[in-house]
Amino acid sequence: MYVRSFPPHASVQGSRWLVSNNGGSMPRWSRSERELMYQAGDQAMAASYTVSGGKFVADRPRVWIAALGGANNTPGRWDLAPDGKRVVIVTPAGSAEALTQEHHVVFLPTFFDELRRKVPLG
């Protein structure tokens, strides 16, 4: 995988910088760190980087997540959370065992209304 500048700088026009040493796909820029995440096989890789004088300098990639699960069979079905510390992965259910819930998420859009109702001010 390579990185190119955009828009192209006159001093480095046409330049590209190698990031991955074993191929990769589905790159994601971290919003919280100077890191580029990408998928290599079933792994999520991360490469820290710096930019100096219009040149992109990437550190050696490291394994960030050892197994993305079903994401390998469904490319592009993962994304990086805004905090840069978690990912969401879309995985197809393969059996009844795969449907077992490990976590329960409840979205409460009226949280503060409910809080005011249960704990009135004063």
Side-chain angles (χ1 to χ4, degrees):
M1 222 168 51
Y2 292 88
V3 169
R4 287 185 185 223
S5 63
F6 182 83
H9 293 111
S11 62
V12 291
Q13 190 161 358
S15 295
R16 63 183 187 166
W17 297 277
L18 181 66
V19 175
S20 64
N21 52 8
N22 251 352
S25 61
M26 306 300 153
R28 306 287 193 260
W29 293 104
S30 173
R31 295 179 211 162
S32 63
E33 303 288 330
R34 286 190 159 249
E35 291 184 315
L36 176 63
M37 275 60 161
Y38 62 93
Q39 186 172 338
D42 195 28
Q43 296 179 325
M45 305 295 288
S48 298
Y49 67 89
T50 58
V51 178
S52 177
K55 292 188 179 183
F56 181 90
V57 180
D59 292 343
R60 185 169 185 240
R62 66 189 183 287
V63 175
W64 190 55
I65 299 175
L68 284 171
N72 190 36
N73 298 326
T74 53
R77 302 280 174 109
W78 71 279
D79 204 356
L80 188 61
D83 67 4
K85 296 179 179 154
R86 296 168 290 164
V87 295
V88 62
I89 301 171
V90 176
T91 307
S95 65
E97 294 161 0
L99 295 175
T100 304
Q101 291 183 355
E102 292 183 26
H103 303 285
H104 183 76
V105 178
V106 175
F107 290 97
L108 188 58
T110 59
F111 173 78
F112 290 107
D113 294 336
E114 183 69 11
L115 183 62
R116 283 185 204 98
R117 188 180 70 76
K118 291 193 174 217
V119 185
L121 293 175

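Sequence positions, counted from 1, serve as the residue numbers for this chain.
- Minimum heavy-atom separation, W78 to M26: CZ2-O, 3.5 Å.
- Distance CE/M45 to OG/S25: 12.0 Å, rounded to 0.5 Å.
- F56 meets the ring-ring contact (aromatic ring centres under 6.0 Å, His included) test with Y49; sequence neighbours excluded.
- Cluster partners of V57, using a side-chain heavy-atom cutoff of under 4.5 Å among ILVMFWY residues and allowing indirect links: none.
- Under a 4.5 Å side-chain heavy-atom criterion applied to ILVMFWY residues, the cluster that includes V88 comprises that residue alone.
- Two residues are said to be in side-chain contact when any heavy atoms from C-beta on lie closer than 4.5 Å; W17 and V51 fail this criterion.
- D113 is linked by a side chain to side chain contact (heavy atoms under 4.5 Å, CB included) to T110, R116, counting only residues two or more places apart in sequence or in another chain.
- Between atom CZ of residue R86 and atom CG of residue L80 there is a gap of 10.0 Å, rounded to the nearest 0.5 Å.
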Which pairs would a plain distance check flag for residues 31-38, meaning a side-chain donor or acceptor within less than 3.5 Å of a matching protein atom at least two apart in sequence or in another chain?
from, atom 1, to, atom 2, distance (Å)
S32, OG, D83, O, 2.8
E35, OE2, R62, NH2, 2.1

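- Closest approach of V19 to A47, counting heavy atoms only: CG1-CB, 3.8 Å.
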